[in-house]
Amino acid sequence: MSKKRLWITRRLSDATLERALRDYDAVINYDDAPGTAEQIIAASAEFDAIIPCHSEHFTAEVVAQFSDRLKIVANHSVGVDHCNLPALKARGIAVTNTPDVLSDATAELAMLLMLGAARHAVAGDRIVRTGAWDSWSPAFMVGKQVTGARLGIIGMGRVGRAFATKARGFDMEIHYFNRSELPADQAKGAIYHDNVESLLAVADFLSLHCPATPETTGLMNESRFALLPEGAVVVNSARGALVDEAALLRALESGRISAAGLDCFQVEPGGNPAFAAHDNIFMLPHIGSATRKTRDAMGFRALDNLDAFFAGQTPGDLL
């Protein structure tokens, strides 16, 4: 039986590519540049399956030009805001993602962002690295203590819960907003808020873990930043669309919030050039899931979904 043709849009982990080449007639983009709309449309006529990353955009306009050959899009990501799911489903194309396997890695990075923002990581690294560290006093580089503080989490899905578990190691008092209240065995003592505004009022630290949807775009805006306790720290390791970046800058410059830790931005790659002038913004280039263990697990999860689909079974992560 001939192997199914598979296009892998980016250079995934070596273990993933080895398995893909063994089990599929796989074409791999070793150049590792994001797939363009034209390439995606052309691939729909040449391949039975695509494993894309968040960098490839399956808009309604792109999907409308698809051939009938493509049968499944097995995302190498949890978020699928780059996919127009109704358009893909209307064409009979299955869509999967890779939940669970990147929760811990992303939660680890959110913790790094929170600590780095709270304890002046940007300025501290710079003054040591440049040789500008020439004095000390009790008032030098005083930051915001994490241990025992109140943590607000928006989005208590897999990553949010993993982050809460790690935050408990710092004896943080955990509050959360979610579409629905979690059962007690998942909440583990976290305090539920049925609206965002109530949560913000008690969030000395705020961490965003919800997906980007039309409802959550611009979730953190001028009015909501104003509800945070003065000097709060804001962390975003989810999606850049959740934050009004101009409002974030104003909140930082006014002192309403003392620092921010960001792994995602409205424009990626590149980020927001205006942030570079602010030492109280600790930034990373969207690397939440970037560990070897997690990259292998994500790739294997995408291939597991393909294997199930082409065996006539329902993929475990079918959306």
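All values below come from the heavy atoms of this structure, side chains included, with hydrogens, waters and symmetry mates left out. Source: prediction; values computed, not measured.
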Review point. Given Phe205 and Met172, is the side chain to side chain contact (heavy atoms under 4.5 Å, CB included) satisfied, shown in steps?
Key: CA-CA 10 Å; Phe205 291 84; Met172 301 189 85; 3.8 Å; yes

Check your understanding: Does a side-chain N-to-carboxylate-O contact under 4.0 Å join Arg11 and Asp31?
Key -> no

Review point. Are Arg250 and Glu222 close enough for a salt bridge, meaning some N to O gap below 4.0 Å?
Key: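 Between Glu222 and Arg250 there is a salt bridge, with a charged N closer than 4.0 Å to a carboxylate O.
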
Check your understanding: Among pairs that include at least one residue of residues 238-287, which meet ring-ring contact (aromatic ring centres under 6.0 Å, His included), considering only residues two or more places apart or in two chains?
Key -> none

Point to revise | Pairs meeting criterion ring-ring contact (aromatic ring centres under 6.0 Å, His included) with involvement of residues 90-110, two or more places apart | key: none

Side chains of [X] and [Y], heavy atoms from C-beta outward: is any pair under 4.5 Å?
X	Y	value
Leu206	Leu200	yes
His193	Val202	yes
Ile50	Ile72	no
Ile153	Ile174	yes
Leu319	Asn97	yes
Asn75	Ile51	no
Ser198	Asn195	yes
Leu248	Met220	no

**Study point:** Summary of side-chain hydrogen bond (donor to acceptor under 3.5 Å, both in side chains) pairs that have at least one residue in residues 310-319, sequence neighbours excluded
**Key:** Arg301-Asp317, Asn305-Asp317

Exercise for review: Would you mind listing every side-chain hydrogen bond (donor to acceptor under 3.5 Å, both in side chains) that reaches into residues 240-249, with sequence neighbours excluded?
Suggested key: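 Matches after skipping sequence neighbours: Glu245-Asn272.
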
Could you pull out the closest heavy-atom pair between [X] and [Y], with the gap in Å?
X	Y	value
Ile281	Leu262	CG2-CD1, 3.8 Å
Arg239	Gly79	NH2-CA, 3.5 Å
Pro229	Ala201	CG-O, 3.5 Å
Phe66	Leu88	CE2-CD2, 4.1 Å
Ala203	Ala232	O-CB, 3.6 Å
Ala212	Leu242	CA-CD2, 4.1 Å

Rounded to the nearest 0.5 Å, how far does [atom2] of [Y] lie from [atom1] of [X]?
X	Y	atom1	atom2	value
Asn236	Cys210	CG	SG	8.0 Å
Ser237	Ile287	OG	CD1	11.5 Å
Asp304	Thr96	CG	OG1	10.0 Å

Output yes when a side-chain donor or acceptor of [X] lies under 3.5 Å from a complementary backbone atom of [Y], and no otherwise.
X	Y	answer
Trp136	Pro138	no
Thr106	Ser103	no
Thr165	Arg161	yes
Gln186	Pro183	no
Gln266	Val243	yes
Asp204	Arg150	yes
Thr294	Thr291	no
Ser258	Gly231	yes
Gln65	Val62	no
Thr216	Pro211	yes

Point to revise | Pairs satisfying salt bridge (Lys or Arg N to Asp or Glu O under 4.0 Å), at least one member in residues 186-198, at least two apart | key: Glu197-Arg224

Review point. Does the pair Ile257 and Leu228 meet the rule for a side chain to side chain contact (heavy atoms under 4.5 Å, CB included), with working shown?
Key: CA-CA 8 Å; Ile257 62 176; Leu228 289 165; 3.7 Å; yes

Taking ring pair (Phe, Tyr, Trp, His ring centres under 6.0 Å) as the test, write out the residues that go with [X], two or more places apart.
X	answer
Phe163	His209
His76	none
Tyr176	Tyr192
His54	His82

Exercise for review: Give the intermediate values and the outcome of side chain to side chain donor-acceptor pair (under 3.5 Å) for residues Ser13 and Asp296.
Suggested key: CA-CA 6 Å; Ser13 75; Asp296 283 348; 2.7 Å; yes

Practice item. Step by step, work out the salt bridge (Lys or Arg N to Asp or Glu O under 4.0 Å) result for Asp14 and Arg19. Key: CA-CA 9 Å; Asp14 290 345; Arg19 176 176 158 185; over 6 Å; no

Exercise for review: List the steps and the verdict of side chain to side chain contact (heavy atoms under 4.5 Å, CB included) for Asp263 and Leu113.
Suggested key: CA-CA 8 Å; Asp263 186 46; Leu113 292 169; 3.8 Å; yes

Practice item. Determine, step by step, whether Lys166 and Asp104 satisfy the side chain to side chain contact (heavy atoms under 4.5 Å, CB included) criterion, reporting the C-alpha distance in whole Å, the side-chain angles of both residues, the deciding distance to 0.1 Å, and the verdict. Key: CA-CA 9 Å; Lys166 290 164 177 52; Asp104 281 324; 3.0 Å; yes

Check your understanding: What residues, two or more places apart in sequence or in another chain, satisfy side-chain hydrogen bond (donor to acceptor under 3.5 Å, both in side chains) together with Asp32?
Key -> Arg10

Point to revise | Test side-chain hydrogen bond (donor to acceptor under 3.5 Å, both in side chains) applied to Glu173 - qualifying residues, sequence neighbours left out | key: His175

Check your understanding: Just checking, any donor-acceptor pair under 3.5 angstrom between side chains of Gln145 and Thr147?
Key -> no

Review point. Is a side-chain donor-acceptor pair under 3.5 Å present for Ser289 with Arg295?
Key: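 There is such a pair between these side chains.
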
Practice item. For a salt bridge (Lys or Arg N to Asp or Glu O under 4.0 Å) with Asp48, tell me which candidate from Arg69, Lys3, Arg5, Lys4 qualifies. Key: Arg69

Which pairs would a plain distance check flag for residues 117-129, meaning a side-chain donor or acceptor within less than 3.5 Å of a matching protein atom at least two apart in sequence or in another chain?
| from | atom 1 | to | atom 2 | distance (Å) |
| --- | --- | --- | --- | --- |
| His120 | NE2 | Val142 | O | 2.7 |
| Asp125 | OD1 | Arg129 | NH2 | 2.9 |
| Asp125 | OD2 | Arg129 | NE | 2.9 |
| Asp125 | OD2 | Arg129 | NH2 | 3.3 |
| Arg126 | NH2 | Asp279 | OD2 | 2.4 |

